Number of protein chains: 2
Amino acid sequence: MDMQRSDIHNSDTPVACRSCEARHGGVCGALSAEQLLELSKHSTRKRLEAGTELVGQGEETCTCANIMRGVVKLTRMMPDGRQQIVGLQFAPDFLGRPHATESPHSAETATETEICTFPRQMLERLVSRSPDLEHRLHQQTLKELDEARDWMLTLGRKNAQEKVASFLHLIATHYDPETVEGTAFELPLSRADVADFLGLTIETVSRQFTKLRKDGVIHIENNRHVTVPDLERLQQFAGID
Amino acid sequence: MDMQRSDIHNSDTPVACRSCEARHGGVCGALSAEQLLELSKHSTRKRLEAGTELVGQGEETCTCANIMRGVVKLTRMMPDGRQQIVGLQFAPDFLGRPHATESPHSAETATETEICTFPRQMLERLVSRSPDLEHRLHQQTLKELDEARDWMLTLGRKNAQEKVASFLHLIATHYDPETVEGTAFELPLSRADVADFLGLTIETVSRQFTKLRKDGVIHIENNRHVTVPDLERLQQFAGID
DNA sequence: CGGGGAGTTGAGAAAGTTCAACTGTGGTGG
DNA sequence: CCACCACAGTTGAACTTTCTCAACTCCCCG
């Protein structure tokens, strides 16, 4: 996973970026070697443990980042404390918003995470010069919009069982690369987080996990380790066409 | 509303565009007089009655449009018929998606609507030449993403009363221009649509309307005409900080 | 005047929440 | 090395909210 890729422009590519996944799948792929060098001079790679807050709801966003590894949850909170996870970001997603001064939601690492941060203004300068970069950011925004709207259907119209199955399906297809027959993965979220993502209580989530296990749709070990013997069966439980 | 605006470049502006609202607030504002002329040659202005389907879920999207007047609802449907409205678009929003072959949801007019359509490929050509146009589209996408995520909180964590109040607040602030003290407006959605937007049943929506009326938060005439004497009070019922 | 569609209201059923007790696990300190 | 604690997750029972189904009202239109 962290092997150095062979690259035509390897010699021009900043050392820090050479083995970077985000440079291909993420936004950095839109940059020239020159721009990449400029960006890398101002970027910092960080390892964050689970539960680290990157930015609070309504706070000023002075940095942007690429997710290299791990999962980041975006949450919105009501004044009385009720909370909803409004998005999950996986590597190599981009994090942050050029031209926005304050964040519409808080961002917190769900798992141990590695990110590559850089100043927002740095990115804005690059965007103004590279239409292709804006195009990539736009494409990711559209992807996030589609995912958000998919999830609106889940939140608004599915019952508890379908919600939990939908969540497991989302993780199985988006998260771990070991997506083969008999998909297995570590859940990146606690039961409390899953509840906040699905608009349910912890107890209801737990009961539905148990029910899916008893129905043989999933196997659970250690609370977090899940195996899905038949993805299509899970899909049926999730109410996905 | 349809008065001809004074404009520095009035003489260069295509006749059809001169009195157009979208040219200022919408995407057309990013175009030069020349580009506007090119676009206007291939654009058609249409008047559509309420309930007209513009594009079906999964269908090919060959045209884009600006909404000139009215409200368009974006819906996603489950195989068994359960339905969720995943977005409401008001004038002068842009409708459609460059570079996407199929639509992730269906789009249907909620009210009588006027739109200005043009071929998707036309727009793609303009986008590739005008970075400013892509920037505007990106900004609208970001706005839609924020709105979608706001609504996720509403769908996942609010109770029926808060949901209905949130909906009324949304309409009061986004829709009719007569937003003064004692806000009054015509609801652009039927009870069934409101239910599909809030993830509730028609009956629950109706009961909450009645309750809000009895509590003096709103006044209702003719089922569709709503008056909000005190917007802040409505906000409290909606659970908005 | 009658019919149809949209909206309302009521009563019982179902789903999910709440509160409380319990289980299992991993870490800490005696 | 074991006892104990803290924490995450599970399970149960009562309760609340929303849904379902059915009947009814209202208004528009012919």
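Numbered from 1 within each chain, the chains take letters A, B, ... in sequence-line order. What's counted below: heavy atoms across the whole structure, side chains too, no hydrogens, waters or symmetry copies. No experiment lies behind these values; they were computed from the predicted model shown.
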Between D/dT18, C/dG7, D/dT20, which nucleotide has the shortest distance from any of its atoms to the side chain of B/Asn223? C/dG7
Between C1' of D/dG9 and CG of A/Asn222, the distance in whole Å: 12 Å
Counting only side-chain heavy atoms from C-beta out, which of C/dG7, D/dG12, D/dT18 sits nearest to B/Arg191? C/dG7
Atom-pair distance (CZ on A/Arg82; P on C/dT18), nearest Å: 10 Å
Please report the distance, rounded to the nearest Å, between CG in A/Asp193 and P in D/dA8. 10 Å
Select from A/Lys158 and B/Arg224 the residue whose nearest nucleotide in DNA chain C is closer to the 5' end of that strand. B/Arg224
Would a distance-only check, ignoring hydrogens and angles, find a side-chain to backbone donor-acceptor pair under 3.5 Å from A/Arg76 to A/Pro104? yes
Which listed nucleotide (C/dT18, C/dG16, C/dG10) is nearest to the side chain of A/Ala160? C/dG16
Phosphate oxygens OP1/OP2 of C/dG16: is one of them under 4.0 Å from a side-chain N or O of A/Thr204? no
Distance in angstrom units between A/Leu155 CG and C/dG16 P, rounded: 13 Å
Taking the side chain as every heavy atom from C-beta outward, state whether B/Glu232 and B/Asp230 have any pair of such atoms under 4.5 Å apart. yes
So does A/Arg149 pair up with B/Glu144, basic N to acidic O under 4.0 Å? yes
A/Glu203 side-chain proximity, nearest of C/dT9, D/dT10, C/dT18: C/dT18
Need to verify one output field. Residue with the more 5' nearest nucleotide on DNA chain D, A/Ala192 or A/Arg157? A/Ala192
Look at the side-chain N and O atoms of A/Thr210 and state whether any lies under 4.0 Å from the OP1 or OP2 oxygen of D/dT11. yes
Regarding A/Lys73 and A/Glu108, does a basic nitrogen lie under 4.0 Å from an acidic carboxylate oxygen? yes
Select one nucleotide: of D/dT10, D/dA22, C/dT18, the one nearest the side-chain heavy atoms of A/Ser206. D/dT10
For the CH2 atom of B/Trp151 and the NZ atom of B/Lys163, what is their distance to the nearest 0.5 Å? 9.5 Å
Could you give the CG-to-C1' distance, from B/Leu200 to C/dG7, as a whole number of Å? 16 Å
May I ask you to say what A/Asn159 touches in the nucleic acid, namely base, sugar-phosphate or nothing, with a heavy-atom cut-off under 4.0 Å? sugar-phosphate
Given atom CD1 of B/Ile202 and atom P of D/dA23, what is their separation to the nearest angstrom? 18 Å
Rounding to an integer number of Å, can you tell me how far A/Leu198 CG sits from C/dA15 P? 18 Å
According to a strict under-4.0 Å criterion, is A/Arg207 in side-chain N/O contact with OP1 or OP2 of C/dG16? no
Rounded to whole Å, how long is the line connecting atom CD1 of B/Ile220 with atom P of C/dT8? 6 Å
